[in-house]
Amino acid sequence: MTRLLLDPPLHASDGGVPAPRRRDWRHSYALRLVVTDLLVLIWGVAGSAVANFGFAGETLSMPFANPGIDYFWVSALVVASWMAMLWAVGSRRPRVIGTGTAEFKAILQSAVSVLVLITLATFLLQVEFSRAFVLTALPAGLLGLVVSRFLWRQWLQAERKLGRYSARVVLVGSPASASQIAKDLASNTDAGYHLVGAVVPSGVTLSVLPDTTVPVLGSIDTLLDAVAESQADTVIVVGGHNLTPAEMRRLSWSLEPGRQHLVMTPSLTDVAGPRIHARPVAGLPLIHVETPRYEGTDRFLKRGFDVLGSGLLLLALAIPLLVVSLVIVSTSKGGLFFAHKRIGKNGRPFKMLKLRSMVADADSQLAALLASQGTSEKPLFKVENDPRITRVGAFIRRYSIDEIPQLINVLRGDMSLVGPRPQVEKEVALYDNAASRRLFVKPGMTGLWQVSGRSNLNWEESVRLDLYYVENWSLVADIAILARTVRAVLASDGAV
């Protein structure tokens with residue numbers, strides 16, 4: 001057996017036999033992206049040239065070339081430059097594909113770079129690009145890239161749910177730490193980490209990690225054998241790994257460059273990238289974690305986004321809201337709106353508005369229903385198979401139509417478009433210290449837990465996602481959550 005901590009790194013040149021190579025999904029997927037990127041850029045750029053100048057074409061006049069350059073060749077140069085920029089900004093790197101916004105940010109960066117190149121060419125080479133060509137080619141190419149990458153992402157995420165097109169991972173760490181990371185990665189297959197095993201400190205005897213199905217392949221001393229036998233290409237070292245700095249350095253040397261990767265996870269979890277800054281000091285990779293703040297320009301930016309968004313949505317939904325209101329009041333007894341006392345930012349109570357979806361005396365039945373299902377002592381968001389919901393109420397709750405009046409709460413400043421869902425006073429009284437941090441920000445019409453499982457999540461998982469949002473707020477994240485909310489509502493997999 002290969003001993004990681006005592007022997008030198010094992011390489012083919014040392015007389016060892018390297019693990020058989022698996023087909024690298026990274027290269028094949030990147031090649032597919034290259035082909036589709038090229039096709040959509042040809043469609044967008046060359047198509048714009050044809051749309052503006054016809055198939056006969058037109059020449060780009062240049063002071064040093066007579067009669068100039070045909071826009072066919074101009075289109076080819078733009079496409080070639082754009083493809084080079086997509087490579088330069090790393091839009092096809094394995095770390096950005098499949099999840100998050102980094103891939104689309106890179107695509108936008110490439111489009112801006114091409115626009116800068118065209119601008120420089122205009123001034124430095126004294127050429128006059130057709131404004132119509134530029135104003136149609138760049139948006140068309142950008143739109144084509146975004147749509148094609150989005151479609152590829154849907155395919156990739158479906159493949160990753162089956163364990164394909166993912167990094168094959170061996171976890172290194174204590175059973176408790178490795179088990180937590182294993183559960184987190186298993187619930188987020190979009191990230192592209194497929195767990196094939198784990199190794200634990202010597203002396204620990206386990207067949208699988210606690211509360212998971214991840215097999216334990218041995219001890220840390222036999223890590224390289226576990227990597228070779230499982231054909232893993234990524235080693236994730238989690239907190240509580242019992243490795244010294246020298247042993248970590250030995251591990252990094254033992255992995256095959258370019259094919260096998262080393263990933264470190266700190267003990268601090270649920271912290272997003274914008275708050276994390278790495279700073280090398282004396283050979284130490286120090287990680288600085290900024291304390292979350294909710295003041296200054298961030299607060300005004302979020303409030304401005306809430307006012308603009310809620311105002312536009314109220315105008316757009318005015319007629320559908322009127323139709324639904326007439327149906328509600330004509331099919332069941334009671335008022336149109338249901339105003340319920342909820343707890344908002346810093347524990348301040350307010351009246352949250354909803355379209356009435358239950359019978360008129362719904363509140364008086366709640367305590368008995370919670371007691372009957374044994375959940376009166378724990379915060380919950382809804383009663384299972386709630387008999388108080390009317391027939392029309394079931395429909396409007398399924399598509400979250402009953403939540404529309406909360407846009408008024410957003411305009412008034414009681415709520416935000418995105419944030420932790422507001423709860424009643426009795427539920428807030430059951431909060432522990434961690435859950436009480438939900439009150440640091442305004443409650444929202446939708447939130448991170450609603451688009452990560454919606455009503456199918458338990459209380460602990462919901463609190464964790466809400467705290468992640470509170471600790472890592474950004475306007476980009478709000479926009480992404482709103483987009484995912486629309487998708488979740490259309491899928492009708494539970495009320496937001």
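By convention here, the first residue in the shown sequence is residue 1.
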Heavy-atom pair of closest approach, residues Val79 and Leu41: CG2-O, 3.8 Å
When the side chains of residues 314-327 are checked against the rest of the protein, which donor-acceptor pairs come out under 3.5 Å, sequence neighbours left out?
from, atom 1, to, atom 2, distance (Å)
Ser325, OG, Leu321, O, 2.7

Least distance between heavy atoms, Ala178 atom then Val238 atom: N-CG2, 3.8 Å
Non-neighbouring partners of Lys161 that pass salt bridge (charged side-chain N to carboxylate O under 4.0 Å, His left out), sequence neighbours left out: Asp190
Nearest-0.5 Å distance that lies between atom OG1 in Thr265 and atom CD in Gln180: 10.5 Å
Pairs involving residues 72-82, ordered by first then second residue, that meet side-chain hydrogen bond (donor to acceptor under 3.5 Å, both in side chains) (sequence neighbours left out): Trp82-Ser110
Pairwise distance CD(Gln260) to CG(Leu224) - rounded to 0.5 angstrom: 8.5 Å
Side-chain heavy-atom pair Lys442, Arg303 within 4.5 angstrom cut-off: yes
N/O donor-acceptor pair under 3.5 Å between Arg168 side chain and Val196 backbone: no
Worked check of side-chain contact (heavy atoms from CB on, under 4.5 Å) between Thr189 and Ser166: CA-CA 9 Å; Thr189 57; Ser166 300; over 6 Å; no
Closest heavy-atom pair and its distance - Ala167, Thr234: CB-OG1, 3.5 Å
With Trp87 via ring-ring contact (aromatic ring centres under 6.0 Å, His included) - residues at least two apart: none
Salt bridge (charged side-chain N to carboxylate O under 4.0 Å, His left out) contacts touching residues 314-327 (sequence neighbours left out): none
Non-hydrogen side-chain atoms of Leu251 and Val237 separated by less than 4.5 Å: yes
Separation of Arg250 CZ from Leu223 CG (nearest 0.5 Å): 13.0 Å
Asp402 backbone acceptor or donor facing Arg397 side chain under 3.5 Å: no
Nearest non-hydrogen partners of Val114 and Met85, listed with the distance: CG2-CG, 4.3 Å
Worked verdict on Asp306 versus Arg412 for salt bridge (charged side-chain N to carboxylate O under 4.0 Å, His left out): CA-CA 10 Å; Asp306 285 340; Arg412 291 169 52 184; over 6 Å; no
Exam field: side chain Ser177 to backbone Gly173, donor-acceptor pair closer than 3.5 Å: no
Under 3.5 Å: donor-acceptor pair, side chain of Gln157, backbone of Gly98: yes
Within 6.0 Å of CZ in Arg95, more than 12 heavy atoms from elsewhere: no
Minimum side-chain heavy-atom gap Leu185-Leu195 below 4.5 Å: yes
Validation row: Val263, Val235 side chains within 4.5 angstrom (heavy atoms): no
Check: Pro94 and Tyr29 side chains under 4.5 Å, non-hydrogen atoms: no
By side-chain contact (heavy atoms from CB on, under 4.5 Å) - contacts of Ser310 (at least two apart): Leu407, Val410, Leu411, Leu417
Ser400 side chain to Glu403 backbone, donor-acceptor under 3.5 Å: no
Arg160 side chain vs Tyr165 backbone, donor-acceptor pair below 3.5 Å: yes
Full working for side-chain contact (heavy atoms from CB on, under 4.5 Å) between Val463 and Trp449: CA-CA 8 Å; Val463 168; Trp449 73 261; over 6 Å; no
Check: Thr212 and Lys183 side chains under 4.5 Å, non-hydrogen atoms: yes
Euclidean distance, Leu467 CG relative to Ser462 OG, rounded to 0.5 Å: 10.5 Å
Side chain to side chain donor-acceptor pair (under 3.5 Å) involving Asp478 - partner list, sequence neighbours excluded: Lys302, Tyr469, Trp473
Note, Ser416 side chain near Val441 side chain (heavy atom, < 4.5 Å): no
From OG (Ser252) to CE (Met264), nearest 0.5 Å: 10.0 Å
Heavy-atom pair with the smallest gap, counting every atom of Ala106 and Val89: O-CG2, 3.4 Å
Nearest atoms (heavy-atom pairs only) where Ile401 meets Leu355: O-CD1, 3.7 Å
Beyond-backbone contact of Arg421 with Pro443, side-chain heavy atoms, under 4.5 angstrom: no
Pair Lys345-Leu439, side-chain contact (heavy atoms from CB on, under 4.5 Å): steps then yes or no: CA-CA 5 Å; Lys345 182 180 179 182; Leu439 303 178; over 6 Å; no
Contacts of type side chain to side chain donor-acceptor pair (under 3.5 Å), residue Ser48, not counting sequence neighbours: none
Interatomic spacing from CG in Leu465 to CG in Leu448 - rounded to 0.5 Å: 5.0 Å
Set of residues satisfying side-chain contact (heavy atoms from CB on, under 4.5 Å) with respect to Ala198, sequence neighbours excluded: Leu171, Leu209, Val214
Step-by-step side-chain contact (heavy atoms from CB on, under 4.5 Å) determination, Leu313 to Met445: CA-CA 13 Å; Leu313 285 172; Met445 292 185 62; over 6 Å; no
For Ala191, all residues meeting side-chain contact (heavy atoms from CB on, under 4.5 Å), sequence neighbours excluded: Asn188, Tyr193
Taking distance alone, no hydrogens or angles, what donor-acceptor pairs closer than 3.5 Å link side-chain atoms of residues 133-155 to residues at least two apart or in another chain?
from, atom 1, to, atom 2, distance (Å)
Thr136, OG1, Asn52, ND2, 3.1
Thr136, OG1, Ala132, O, 2.7
Thr136, OG1, Phe133, O, 3.2
Ser148, OG, Gly144, O, 3.1
Ser148, OG, Leu145, O, 3.0
Arg149, NE, Asp37, OD1, 3.2
Arg149, NH1, Ser91, O, 2.9
Arg149, NH1, Glu103, OE2, 2.9
Arg149, NH2, Asp37, OD2, 2.7
Arg149, NH2, Ser91, OG, 3.1
Trp152, NE1, Thr36, OG1, 3.1
Arg153, NH1, Gly100, O, 2.7
Arg153, NH2, Gly100, O, 3.3
Arg153, NH2, Glu103, OE1, 2.8
Gln154, OE1, Arg487, NH2, 3.2

With sequence neighbours excluded, residues passing side chain to side chain donor-acceptor pair (under 3.5 Å) with Arg164: Glu159
